[in-house]
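Comments concern the structure below.
In the text below, chain A, chain B and the rest are named by the order of the sequence lines, each starting its count at 1.
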Number of protein chains: 2
Amino acid sequence: MARPRKPLLSRDRIVATAGALVDAEGLDAVSTRRLAAELGVSGPSLYNHFRTKDEILEAVADAVSAKVDLSMFDEHDGRDWRTALHDWAVSYRAALTDHPNIVPVLARGPGRRPAGLRVADAVFGAMVRAGWPAAQATHIGALMRYFITGSALGSFARGFVDDETAYDPADYPHLGQAHLLAERQQQVDEGAFETGLRALLDGLAVRYEAAVRH
Amino acid sequence: MARPRKPLLSRDRIVATAGALVDAEGLDAVSTRRLAAELGVSGPSLYNHFRTKDEILEAVADAVSAKVDLSMFDEHDGRDWRTALHDWAVSYRAALTDHPNIVPVLARGPGRRPAGLRVADAVFGAMVRAGWPAAQATHIGALMRYFITGSALGSFARGFVDDETAYDPADYPHLGQAHLLAERQQQVDEGAFETGLRALLDGLAVRYEAAVRH
DNA sequence: ACCTGAACACCGTTCAAGT
DNA sequence: ACCTGAACACCGTTCAAGT
């Protein structure tokens, strides 16, 4: 076959197929040979479009970041900083829980991913505009990211096994019914996220009062 | 050689060596062959002590969890719930930043790891004793974990490259000096952690007032 | 019970060769 | 420029064989 007149591959097609494979079968299912087979080419062909497999996964992660709604940070949106932060956090978490298998890649910081940086930029800009000092605005972007990605990655309940015998009450005196948590995994995660988000925003509001009063 | 009179390996020795390798060279450096070589045995020997490589890494992560100070949750410690939560969070984060390379494994939830579960149990127990309703106590354990592991994993600044030319101000209007962040990476992360932790605790204190007043 | 070497079915990546 | 097959240096894991 060698080179066809029209390229068989493009970066977008590789990223889309890799993303679908990650969603369907997890991060471990993505090998260059498997991904290439899914695309109808041979493994090494991918290296004409990406330098490493890791760059492909970074691009998949960035495509998820690109889905995060940022309209609440628009200059003329009208939402106050607190509401904007809340709505953004909910949108961000939704984007991550829609694609849980790529979260481990995404959670490692915005890195060089354009969409990830765009998110950081939007939060920072909106907080400064709302009156936050620049240093605090940087902190807010970072700490919100910690909480949101942490919640998408570290599902508390996911770890528990749906088997009572797995937990000896003598070892974990307060977690005697931990197995129940596995059943209501999503409720716990969503409740913890909502509680944490509100607590975070309440706490920031206190600091905001102190900050703008310089 | 075959079987020696005294076992060459033990689970503890494997975990200790794997942990040292992870710390020194990162998660990717740990292959069964490499780890075995470090231990002076051949690769398959590890399978007499662990079922999979993943179980070894889980054990390494659990050993880090075991270093987290939990004394502030002791029944007779005397610290109020808020101070205990703060001190625990600081200790937890310190344990993680001491061993950053294993954090991706640890961040995926407590799973079946005994020490991870012991941490969850201690937090839950102390919050209930302090007067929090059980459902809220579960949420607090989860959301604190989200924030702490998220902060250890997703260093905001780490991602930025120490090269001004990497960021076109036209793309990220508010991050024009993002390259500066790389220089003060630790300060940003620590500041964001401290700010977020205090905000979280302030916010929880508000909810506590409402909760205990049933 | 606990170690070994050989083997199986994979990996990511490089590279010369083809059009 | 963009694809190919062959090759290199690896993987995790299984298993029969040894003591």
Shortest side-chain distance from A/Thr32, nucleotide among D/dC3, C/dT13, D/dC15
C/dT13
Could you check how far CZ of A/Arg33 sits from C1' of C/dA9, rounded to whole Å?
11 Å
Among C/dC3, C/dT13, D/dC3, the one nearest A/Leu8 by side-chain distance
D/dC3
For DNA chain C, the dot-bracket notation using Watson-Crick and G-U wobble pairs below 3.5 Å, [ ] for pseudoknot-type crossings and | for other-strand pairs, is ||.|||||...|||||.||
Checking side-chain polar atoms at under 3.5 Å, does B/Ser10 have a donor or acceptor matched by the opposite partner on B/Asp12?
no
Pairwise side-chain contact, A/His139 with B/Glu190, heavy-atom cut-off 4.5 Å (strictly under):
no
Run the salt-bridge test on A/Glu25 and A/Arg34 with the 4.0 Å N-O cut-off and return the result as yes or no.
yes
Quickly work out the B/Tyr47 OH to C/dG5 P distance and round it to whole Å.
16 Å
Judged by atom type as modelled, is there a donor-acceptor pair below 3.5 Å linking the side chain of A/Arg118 to the main-chain atoms of A/Leu70?
no
Atom-pair distance (CZ on A/Arg5; C1' on D/dA1), nearest Å
15 Å
Is the distance between the ring centroids of A/Tyr172 and B/Phe124 under 6.0 Å?
no
In whole angstrom, give me the gap between the C1' atoms of C/dA16 and D/dC2.
14 Å
Counting heavy atoms from C-beta on, name the nucleotide in C/dA7, C/dT14, D/dC2 closest to the side chain of A/Asn48.
D/dC2
Can you tell me if A/Tyr92 and A/Asp69 form a side-chain donor-acceptor pair at under 3.5 Å?
no
Is the phosphate of C/dC3, meaning OP1 or OP2, less than 4.0 Å from a side-chain N or O of B/His49?
yes
Separation of A/Leu35 atom CG from C/dT13 atom C1', in whole Å?
15 Å
Please give, in whole Å, the distance from C/dC11 P to A/Leu27 CG?
14 Å
Distance, rounded to the nearest Å, where A/Ile14 contributes CD1 and C/dG12 contributes P:
14 Å
To the nearest Å, give me how far apart CG (A/Asp28) and C1' (C/dC10) are.
13 Å
Among D/dG12, D/dC3, C/dT13, which is the nearest nucleotide to the side chain of A/Thr52?
C/dT13
Among C/dA7, C/dC3, C/dG12, which is the nearest nucleotide to the side chain of B/Leu9?
C/dC3
Report which part of the nucleic acid B/Ser45 touches: base, sugar-phosphate, or nothing (heavy-atom distance under 4.0 Å, all strands).
base
A/Ser42 side chain near D/dC3 phosphate (N/O to OP1/OP2, under 4.0 Å)
no
So, does B/Ser91 use its side chain to make a donor-acceptor pair with the main chain of B/Asp87 at under 3.5 Å?
no
Atom pair distance, as rounded to whole Å: CG in B/Leu46 and P in C/dT4
10 Å
Among C/dG12, D/dG12, D/dT14, the one nearest any side-chain atom of B/Pro44 is D/dT14
Do A/Asp121 side-chain atoms and B/His174 backbone N/O form a donor-acceptor pair below 3.5 Å?
yes
